[in-house]
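Have a look at the structure below before the remarks.
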Number of protein chains: 2
Amino acid sequence: MAKPEIHTMEELSAAIGVSRPTLSRYFQDPTKVSRSSVERIRSGLERVDYIPNFFATRMNRKSTGMIGVIIPYLNDLFFTRLLESLERAAMRAGFTVITQCSHSDPEIEARAAETFLSMNVDGAVVAPLGNHSDLKVYERLNERLPFVLMDSRPAPLSGVDFVGTDHVQSTGIITEYLNRVGTPPIFLAMPRMNFNAYEREMAYITKMEELGHEPVVIGAGVVEEGSYFEGHGLAVLNDYFSRGEFTGSSVLCANDRVAIGALRAAAHHGLQPGAMRQGGLRIAGHDDYPLCPFTVPTLTTVAQDVAAIGQAAMDRLIEKLRAENSQGNQTVQLINGTLKIRESA
Amino acid sequence: MAKPEIHTMEELSAAIGVSRPTLSRYFQDPTKVSRSSVERIRSGLERVDYIPNFFATRMNRKSTGMIGVIIPYLNDLFFTRLLESLERAAMRAGFTVITQCSHSDPEIEARAAETFLSMNVDGAVVAPLGNHSDLKVYERLNERLPFVLMDSRPAPLSGVDFVGTDHVQSTGIITEYLNRVGTPPIFLAMPRMNFNAYEREMAYITKMEELGHEPVVIGAGVVEEGSYFEGHGLAVLNDYFSRGEFTGSSVLCANDRVAIGALRAAAHHGLQPGAMRQGGLRIAGHDDYPLCPFTVPTLTTVAQDVAAIGQAAMDRLIEKLRAENSQGNQTVQLINGTLKIRESA
DNA sequence: AAGACTTTTTTACACGTGTTAATCATAGTC
DNA sequence: GACTATGATTAACACGTGTAAAAAAGTCTT
């Protein structure tokens, strides 16, 4: 690194004897410059240390090549996997992803949206916070940018593109499976912090009624702020188990993290949930959290196709930002879940 | 949102009758402007839709107020917690964190570093990738920016500030505990993808020898690319257990994710690891992964103080970037782990 | 009401690159 | 050797905001 540092294209131009506009074109797209110039620039850059200024380049371009992504929280492997698939899809298409995490705080979420607007990102993908979100934030983004909502969908929001799991289908197939193979399941709800919680609950109820069974939902009222999903599942089931209730039931949990808490509650009470034990306790989840194959017992669940959701969201966004004018009409892509049968149910 | 959109300060100045330099000062720090002007601007902004251009503002400031953070991968709750604590610390100090994830790819890591340089971030914090990293990337960042390395430390790198867990201490106390309460533990190593793997292994060996026991390390040679930690722990122990080996041993795992795989292997072979069963199998981990209280059995481990590490790394970085000139000397902060005794050992 | 401040406005230049129009150099063709 | 493409260079302006200096306006003290 004894290379002399050069801070502007002007200086670089002087140092290697290539005009600044040519350098500008080179850094945007080397193919727009003749072969001989490319060679001259390449060899020059080896003798000298220079990086184009990020802000100066983006300020004038019509397109910044950046896509903003907002995620509600990171301490959940579901969202990190989603983020990864988004980033890979964006990278393949030549875009840079700027991620902001709202840490469950609507104010931070709103601020992140403003930041994206002020950065002139080419588009934005948002996984909503949940009930606490300010819907105006999404409307504002949707008005001013190519915008796609992902994972969960605030009911009253229309005219906004959406990509997520078809919870009617996904919750449906596992409800059906549980009914087919054992006793009708009860539903262990999760704190109502996001819209999917409600959708899955409704999907469960619908499917149960369709099959002629009475739906039973527990743990829905409890909304302990700051309590994690696992803790919620553990607390709710511990409570019932110690009163001797539901110890031989089939329990469909609103998601795998709740189910992991449920497994823990079962172990704590000496119960051994599992498909093999006919008539006994069974526990199932939703999402196919990466740890499902390693829990004790391994967790039966419905897999959300994270890779497909991320890819589809990015594809739709890029489609929108390429075809500026044709606003087209609202697109809603619901992606199927697939049953993952393991030991627990 | 019927507000007219205004795109430049010039237009805003004309629209609300406040001069552009005053507006500029207002957006940087409202207290640098008289109360009456603040009022006039506030009320003006309610009638009109304007956000200062991110790039134009950053381009001219000496300080961009941004801190770059590079994380090796996101599919690990340890790093997401670390990231969260970094972001909170930065937010408190008035900085914005730009996160880049290298997805275990040295090329992406190098590109992220270049991006930070071209963005003129005020400083950078990096959690290294591991063996595959190009050390020149860190050296380059360290030369040109206030820079702090975090979590794991490439041995041959000197002169670089570092904040992380004291693995000699942390691995020491759990090795000692396991020896004190039961049979001398063997060490289930993890794929050598990062430097901590080696540090913990060495710390275990040292402590064992100090206590007069023979260290035994298993699973160190296996380096399956793309295999996750849990799968590694599961595969290695499954192998031994099915040959009847180590079924009654104490097993210290290189981290909690490996330990979760180990628990799974135990369950698969009908073994019930736990502190209560004298003379039987015991399994312990390292990190205090958030799921430890929910595994079956709950996992005994050493907690890394993630909050302290993030805070200390950010504090040190901010200290460096405030005192530009005084390069000072290298600072290495090693933070103690604390024993978390649960059921598994 | 004059003087001493404080704050705002005006004016002008700066930042580093995108971009365009016109001029110039080079290579290839006949 | 003159003609035509092709690409490079030069010169100039643009982007939206930071910032500094000087002039103007407002506020407070006496």
Side-chain angles (χ1 to χ4, degrees), chain A residues 5-45 48-66 96 114-122, chain B residues 5-45 48-66 96 114-122:
Chain A
E5 284 181 26
I6 282 197
H7 295 98
T8 75
M9 270 195 192
E10 207 87 49
E11 285 176 40
L12 181 64
S13 168
I16 72 180
V18 176
S19 75
R20 195 176 68 70
T22 302
L23 290 174
S24 174
R25 295 220 309 283
Y26 170 83
F27 282 111
Q28 289 177 62
D29 182 359
T31 69
K32 306 219 78 177
V33 162
S34 76
R35 201 169 302 280
S36 63
S37 295
V38 170
E39 280 313 312
R40 211 139 34 111
I41 296 172
R42 283 258 165 77
S43 80
L45 285 177
V48 142
D49 204 1
Y50 168 76
I51 316 169
N53 181 297
F54 189 85
F55 300 118
T57 60
R58 312 291 162 157
M59 195 169 70
N60 293 326
R61 280 205 250 260
K62 52 278 145 208
S63 156
T64 56
M66 308 190 326
T96 302
E114 293 304 302
T115 302
F116 286 159
L117 286 175
S118 95
M119 292 200 310
N120 292 320
V121 295
D122 292 341
Chain B
E5 283 181 27
I6 282 197
H7 295 97
T8 75
M9 270 195 192
E10 207 86 49
E11 285 177 40
L12 181 65
S13 169
I16 72 180
V18 176
S19 77
R20 195 177 66 71
T22 302
L23 290 174
S24 174
R25 295 218 310 281
Y26 170 83
F27 283 111
Q28 289 178 62
D29 183 358
T31 68
K32 306 217 79 177
V33 161
S34 76
R35 197 168 304 280
S36 62
S37 293
V38 170
E39 280 312 314
R40 209 138 37 111
I41 297 172
R42 284 259 165 76
S43 80
L45 284 176
V48 143
D49 206 0
Y50 169 76
I51 315 171
N53 181 298
F54 189 84
F55 300 119
T57 60
R58 311 291 161 156
M59 196 169 70
N60 294 326
R61 281 206 251 258
K62 50 279 147 208
S63 157
T64 56
M66 308 190 325
T96 302
E114 293 305 301
T115 303
F116 287 160
L117 286 175
S118 95
M119 293 201 309
N120 292 320
V121 295
D122 292 341

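In what follows, every heavy atom counts, from backbone to side chain, and hydrogens, waters and symmetry copies are set aside. First the proteins, then the strands, lettered A, B, ... as listed; each starts at 1.
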**Listed nucleotide nearest any side-chain atom of Gln28(A), set dT19(C), dG16(D), dG18(D)** = dT19(C)

**Item:** Short side-chain N/O contact from Lys32(A) to OP1 or OP2 of dG7(D), under 4.0 Å
**Value:** no

**Item:** Interatomic distance, Met119(B) CE vs dC15(C) C1' [rounded to whole Å]
**Value:** 18 Å

**Prompt:** Using a cut-off of 4.0 Å on non-hydrogen atoms, how would the nucleic acid contact of Pro21(A) be classed: base, sugar-phosphate, or nothing?
**Reply:** base

**Message:** Expressed as a whole number of angstroms, how long is the span from Arg40(A):CZ to dT26(C):C1'?
**Reply:** 12 Å

**Prompt:** Please give, in whole Å, the distance from dG18(C) P to Leu23(A) CG?
**Reply:** 10 Å

**Request:** Ignoring the backbone of Arg61(B), work out which of dT9(C), dT19(C), dG18(D) is nearest its side chain.
**Result:** dG18(D)

**Presence of Ser24(B) side-chain N/O under 4.0 Å of dG18(D) phosphate oxygens OP1/OP2** = yes

**Prompt:** Ser118(B) side chain to Asn53(A) main-chain N or O, any donor-acceptor pair under 3.5 Å?
**Reply:** no

**Asked** Where the side chain of Arg25(B) is defined as all heavy atoms beyond and including C-beta, which of dG18(D), dT8(C), dT19(C) is the nearest nucleotide?
**Response** dT8(C)

**Request:** Tell me which nucleotide among dC15(C), dT8(C), dA12(D) gets nearest to the side chain of Met59(B).
**Result:** dC15(C)

**Message:** Taking the nucleotide of DNA chain C with the nearest heavy atom to each, does Ala56(B) or Arg35(B) sit closer to the 5' end?
**Reply:** Arg35(B)

**Message:** Can you tell me whether the side chain of Asn53(A) and the base of dT17(C) have a donor-acceptor pair closer than 3.5 Å?
**Reply:** no

**Prompt:** Is it true that the side chains of Asn120(A) and Thr64(A) contain a donor and an acceptor less than 3.5 Å apart?
**Reply:** no

**Message:** Are Leu12(B) and Leu45(B) packed together at the side-chain level, in the sense that at least one heavy-atom pair is separated by less than 4.5 angstrom?
**Reply:** yes

**Prompt:** Phe55(A) CZ to dC15(C) C1': how many Å, rounded?
**Reply:** 13 Å

**Prompt:** Does a donor on one side chain and an acceptor on the other come within less than 3.5 Å for Glu39(A) and Ser43(A)?
**Reply:** no

**Message:** Please confirm whether the shortest side-chain N or O distance from Thr22(B) to OP1 or OP2 of dT8(C) is below 4.0 Å.
**Reply:** no

**Fill in**
Rounded to the nearest 0.5 Å, the OG1 atom of Thr31(B) sits from the CD atom of Gln28(B) at a distance of 11.0 Å

**Request:** Mind calculating the distance between CD (Glu39(A)) and P (dA8(D)) to the nearest angstrom?
**Result:** 13 Å

**Asked** Using a cut-off of less than 4.0 Å, is there contact between a side-chain N or O of Tyr50(B) and OP1 or OP2 of dT17(D)?
**Response** yes

**Euclidean distance, atom CG of residue Asn60(A) to atom C1' of dT20(C) [Å, nearest integer]** = 13 Å

**Request:** Kindly say whether, by distance alone, the side chain of Arg20(A) makes a donor-acceptor pair under 3.5 Å with the base of dG18(C)?
**Result:** yes

**Request:** Using a cut-off of 6.0 Å, state whether more than 12 heavy atoms not belonging to Arg42(B) lie near its atom CZ.
**Result:** no

**Prompt:** In whole angstroms, how far is the P atom of dT10(D) from the CE atom of Met9(A)?
**Reply:** 16 Å

**Request:** Would you classify Ser36(A) as touching base, sugar-phosphate or nothing, given that sugar-phosphate means primed atoms plus P, OP1 and OP2, and contacts are heavy atoms under 4.0 Å?
**Result:** nothing

**Message:** Among dA8(D), dA14(D), dT17(D), which nucleotide has an atom closest to any side-chain atom of Thr8(B)?
**Reply:** dT17(D)

**Asked** Between Glu10(B) (CD) and dA14(D) (C1'), how many Å, whole number?
**Response** 13 Å

**Prompt:** Which listed nucleotide (dG16(C), dT8(C), dT19(D)) is nearest to the side chain of Ser34(B)?
**Reply:** dT8(C)

**Prompt:** OP1, OP2 of dC15(D) versus side-chain N and O of Lys62(A): anything below 4.0 Å?
**Reply:** no

